[in-house]
Amino acid sequence: MTEAVTPYDKSDQPPSEASCAATEAGAAPASEPAFSPSDIRDGAAIALVLGVAGVLLGLLWVWLAPRVQYVSNGEAVFLRDTESEARIGADGTFLLLSVGFGVLSAVAVFLWRRGGGAAQVVGLAVGSVFAALVGWRVGLWLGPSSDLVAVARKAGKGVPFDAPLELLAHGALLGWPMAAVVVHLALTALWGTRDPAPELSVWPSGYYQAPAGPAPADSAGHPSPDPSGTQPPRP
């Protein structure tokens, strides 16, 4: 009869790939949400502050934009200078101011939260669009009146008066959000904080093998068995 032989348990062997995969699968943490509550608060705060800053854009636009002047002959209203480029200058002024505010807002958000994050970029983009709309409407509200008949009657015949402020190229409203997002992404790519590289775990491979050499002999001259080896089962 032969007795059952159990496999030799090699404690110094690394665990098998199957056991490692099972351990990792069991110990894997649950997936985290895309936006944490703190990220949502940061994005909402950025959008709110930028929306308030849009009022400053409107004030500067009213102050710096060139004026288009009309004149009345008592019956109709005409452009005082038909070759004036003040209308285009008003659009250009709004666009330049929007781009400047976009760069400043991107730098401010980056310095406030250097780590970056998708929530901050979303808050920056949404807040910039809202700020551009606020600046546009505030400029129209604070600028000259759009009631040309009443203004011409008040000014009198042959007296020039300012035309209402207008934004002919509505694409200028994208100047602030585009500049803000591009500059913020560039700053994050160049000087943003990065996660440390994961460490690689190294398992010891196999048994320790002694240098090859003659087997030691006993007192009778016969080679002694290897103490580290395993004995075959005996019947």
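Shown here for Phe161 and Ala155, the closest heavy-atom pair between the two residues is CD2-CB, 4.1 Å. Taking each heavy atom of Val151 and Ser145 in turn, the nearest pair found is CG2-CB, 3.9 Å. Here the shortest heavy-atom pairing between Gly175 and Leu95 reads CA-CD1, 4.0 Å. Between Ala169 and Asp91, the shortest heavy-atom contact is N-OD2, 3.1 Å. Gly139 approaches Trp61 most closely through the heavy-atom pair CA-CE3, 3.8 Å. What you find for Ala86 and Arg67 is that their closest heavy atoms are CB-O, 3.4 Å.
A single hydrophobic cluster is seen to contain both Trp136 and Leu142, as judged by linkage of ILVMFWY side chains at heavy-atom distances under 4.5 Å, directly or through other members. Transitive grouping of hydrophobic side chains (ILVMFWY, heavy atoms separated by less than 4.5 Å) brings Phe130 and Val138 into a common cluster. Note: the hydrophobic cluster containing Leu174 does not contain Leu168 (ILVMFWY, side chain heavy atoms under 4.5 Å, direct or indirect links). When the side chains of ILVMFWY residues are joined at heavy-atom separations under 4.5 Å, either directly or via intervening members, Val159 and Tyr70 end up in two distinct hydrophobic clusters. Using a 4.5 Å cut-off between side-chain heavy atoms of Ile, Leu, Val, Met, Phe, Trp and Tyr, with links allowed through other members, Val182 and Leu190 fall into different hydrophobic clusters.
Here the CG atom belonging to Leu124 is positioned 8.5 Å from the CG atom belonging to Leu185, to the nearest 0.5 angstrom. The line from CG of Leu97 to CG of Leu59 is 11.0 Å long, rounded to the nearest 0.5 Å. To the nearest 0.5 Å, atoms CZ (Arg137) and CG (Leu57) are separated by 13.5 Å.
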Candidate pair Leu167 and Leu173, rule side chain to side chain contact (heavy atoms under 4.5 Å, CB included), full reasoning | CA-CA 9 Å; Leu167 186 65; Leu173 294 172; 3.9 Å; yes
Step-by-step side chain to side chain contact (heavy atoms under 4.5 Å, CB included) determination, Val71 to Asn73 | CA-CA 7 Å; Val71 64; Asn73 61 358; over 6 Å; no
Side chains of residues 104-117: which donor-acceptor partners sit under 3.5 Å, not counting sequence neighbours?
residue : atom : partner : partner atom : Å
Ser105  : OG   : Phe101  : O            : 3.0
Ser105  : OG   : Gly102  : O            : 2.8
Ser105  : OG   : Trp176  : NE1          : 3.3
Arg113  : NE   : Asp42   : OD2          : 3.3

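Within 6.0 Å of the CD atom in Gln69, the count of heavy atoms belonging to other residues, nucleotides or ligands exceeds 12.
Side-chain atoms of Asp162 never come within 3.5 Å of backbone atoms of Pro144 as a donor-acceptor pair (strictly under, hydrogens ignored).
Remark: Glu166 pairs with Arg87 by the side-chain hydrogen bond (donor to acceptor under 3.5 Å, both in side chains) rule, at least two apart or across chains.
Among Val52, Leu48, Ile46, the single residue meeting the side-chain contact (heavy atoms from CB on, under 4.5 Å) criterion with Leu50 is Ile46.
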